[in-house]
Amino acid sequence: MAGFDKVVSSYAEAMAGLTDNMTIIAGGFGLCGIPEGLIKQIKNMQTKGLTIVSNNCGVDDFGLGILLEDKQVKKMVSSYVGENALFEQQLLNGELEVELTPQGTLAEKMRAAGAGIPAFYTATGYGTPVGEGKEVKEFNGRPYILEESIMGDFAIVKAYKADRFGNCIYRHTAQNFNPMAATAGKITVVEVEEIVEPGELDPSQIHTPGIYVDRVIQGSFEKRIERKVLAK
Amino acid sequence: MAGFDKVVSSYAEAMAGLTDNMTIIAGGFGLCGIPEGLIKQIKNMQTKGLTIVSNNCGVDDFGLGILLEDKQVKKMVSSYVGENALFEQQLLNGELEVELTPQGTLAEKMRAAGAGIPAFYTATGYGTPVGEGKEVKEFNGRPYILEESIMGDFAIVKAYKADRFGNCIYRHTAQNFNPMAATAGKITVVEVEEIVEPGELDPSQIHTPGIYVDRVIQGSFEKRIERKVLAK
Amino acid sequence: MALSREQIAMRVAQEFQDGDYINLGIGIPTLAANYVPADIEVMLQSENGLLGMGPNPTEDELDADMINAGKETVTAITGASIFNSAESFAMIRGGHVDFTVLGAFEVDVFGNIASWMIPNKLIKGMGGAMDLVAGAKNIIVTMTHADKKGNSKLLPKCTLPLTGVNCITRIITDLAVLEVKNQAFYLKERAPGVSVEEIREKTAGELVVEGEIPEMSFA
Amino acid sequence: MALSREQIAMRVAQEFQDGDYINLGIGIPTLAANYVPADIEVMLQSENGLLGMGPNPTEDELDADMINAGKETVTAITGASIFNSAESFAMIRGGHVDFTVLGAFEVDVFGNIASWMIPNKLIKGMGGAMDLVAGAKNIIVTMTHADKKGNSKLLPKCTLPLTGVNCITRIITDLAVLEVKNQAFYLKERAPGVSVEEIREKTAGELVVEGEIPEMSFA
């Protein structure tokens, strides 16, 4: 009887089942709140042809950027990319495809996927390259475009604390895309700073209820700061 | 300089601006987590022709049910109604209109309104009376219906704790529709059990950020239990 | 002999698997929580916003802010989570709830279900039922096989306004366990002492009987 | 004389009203936070999920989990709230943010804005800019009136791929404050010492000058 114990003890178990050409939804904003160990595991697995849905693609030697080194990524769905040289090079060489998606639309596409909503209307991107080829409909005299949800074979998530049932909380702005990503994976894996006992997290304060989570792994994090700016 | 101090000191101030034929979005599920004092204030104001969007309509002498006594309600948009005799009578007399809406669709309509999403697709209600006359579109071979968001002139919300900035938390299952309702009012009024100092609520644990809230009032609550069932 | 309400609930509980998230409707479905096999764990979702619903409270535990979707006072188990209604139905609509068990007035061979409205009677509303049948991965309908007048509730086509279409795959009645597929009801099990003939007689939609039909077991 | 970046930011800050929720883009808009009038309070929204953004941290306060939309380390003020990206853009898309201030490459007389993409240069993406211009109640564009070669950025029609359509109503440049309406730029204020003629010369789209145009005041 495993019941609801979702804790796995190795990164290999955490990402078991990931194969070439899968789609991965990843939490994180810049280098903040990223599942560092799960990303390293994907690199170790050398899985190829991946589509990665993530607001950004890390930097040259950290975060999702390390998956570029061995050309594991076929396509990025992101709102802002190119913080690293390798990304730029692979994009210009045509080795990497990018689908630029407005940040709010990206967050909502993940949420919608998890919530069983296949598509929604938004004004964001209407009349711009983002709206091209998309269905347009007017509501109260304003035009909106239809955006479809986006689901992953895997979702990789970074949480602050989680219990073995998969209930998660996030810390400060490391929350970002993580809660939506957690809902949008056929298999959702959470890498966590601290595993706590069930009951330690206040039920009304849980950001991600365990029902969305399939696997929990205790991580260890470098938590690199992308732009350290101090008070003058 | 009022800044972000949203606390008002009277129910009259709290509901100032409410006029006949307006639409009110109300939080609460059954009698749980309802803004008792704001509802009484609406009764005192004798505003007529109201459209009320709320999962339920209270009971005969409590909650939204008290607005039926003087026929203040023109229309209810709800998922489940008729827990009181007056409701039934007014419905059969044609004095009251009801738009039955599936519970999840109702919650999502409120959220969508607050989030600037005018419409979304859902499988809920397809092929049923709820889907009649609504746009149908297939995604991945499954038919979905288009549901439009629903915005209120006012939203009335019941919170557990709030600070003067309007940041709110809810307690246990008294959360229910309240966070969505809070986002869906042109004017959002929160009646709260306890007003706390800014900073007392952990920023990462706030259910409703103050940006959605226009007015906060210290309430006093009976918290009536609709179906008291004890362990055997 | 036809099953009692408790026996239907017991048979329903046999469907549950370790680790299942389950939403139980009012009535017989709720009773199934009492018969979860001892060697598995399941977690109950209540659509007003509670995952990990526990039993009703003692007088000491009673709290007006802790209710279930039936508006009854309840408790939360250790490790429960509580959330808003949009999140709750995101779980349901998004297919994260493994099982929904609910009652019905009628089910037909297309897997359509009618459970919320009888025209010309006062209509109270569908609550969360339409979301549940549209969203759950597995739905079990529990009901009596026929109404009090003996009219079958398993029909070639539902006559009442629908709750959902093409969504019901499994039915547990006081007489039988049936699967819905290929526009027919497939008989899988009989209530102890109930004959295939009696089930056939009380099933208005096409009934398929393949091989020997075992009796339900309540060991 | 043309305004400095700091002076543009000072003029922008004069637009703010007590109780405004404001999202400031990277660059000149961010500077505006330094010039909020002493007699009002505003609250800064950072679209990665922070309402109530404070100043950058001291070395002691530094926390990798506290960043703003520019990925810079920041702090949160007392009474701040922190939330996920879907909630953050619900605020933005839903019109709850009172003011958005952002830079642009071009604005035209239709209120269209181009700010994220220059074809044949590497494209980094729009981040949250498209959501911000689609959602905010009031948008102020800050930019130099013309590029380094002297080409006007206030055009009859944008030439670059758009960020949003019919959304810009107010522009604050190093030379002027302008309103966008009736398919024209309406001159409202001049930078101190800058003539209407110079502004007209550097405004490619139709410029409307009604009456005496006052100089900006930085009292």
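Letters A, B, ... are given to chains in the order of the sequence lines, protein chains preceding strands, and every chain is numbered from 1.
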Non-hydrogen contacts under 4.5 angstrom with chain D: give the residues of [range] involved, or none if there are none.
| range | value |
| --- | --- |
| residues 188-208 of chain B | B/P198, B/G199, B/P203, B/S204, B/I206 |
| residues 122-158 of chain B | none |
| residues 21-31 of chain B | none |
| residues 32-39 of chain B | none |

task: Check each atom of B/R164 against the heavy atoms of chain D and say whether the ones under 4.5 Å are side chain, backbone, both or neither.
output: neither
Over all atoms of both residues, closest heavy-atom pair of [X] and [Y]:
| X | Y | value |
| --- | --- | --- |
| B/F4 | D/E41 | CE1-O, 3.4 Å |
| D/A86 | B/R111 | CB-NH2, 4.1 Å |
| D/D18 | B/G3 | OD2-N, 2.7 Å |

Part of D/A134 within contact of chain B (heavy atom distance under 4.5 Å): neither
- request: Check whether D/D20 gets within reach of chain B through its side chain, its backbone, both or neither, counting any heavy atom under 4.5 Å.
  value: backbone
- request: For chain B, find which of D/Q45, D/Q17, D/M43 contributes the most heavy-atom pairs closer than 4.5 angstrom.
  value: D/M43
task: Tell me, out of B/G210, B/A112, B/A113, who's got the most heavy-atom pairs with chain D below 4.5 Å.
output: B/G210
Which of B/D5, B/I211, B/D163, B/T183 touches chain D most, by non-hydrogen pairs under 4.5 Å: B/I211
- line: Between the CZ atom in B/F165 and the CG atom in D/L51, the distance rounded to the nearest 0.5 Å is 9.5 Å
Over 12 foreign heavy atoms within 6.0 Å of NZ, D/K157: no
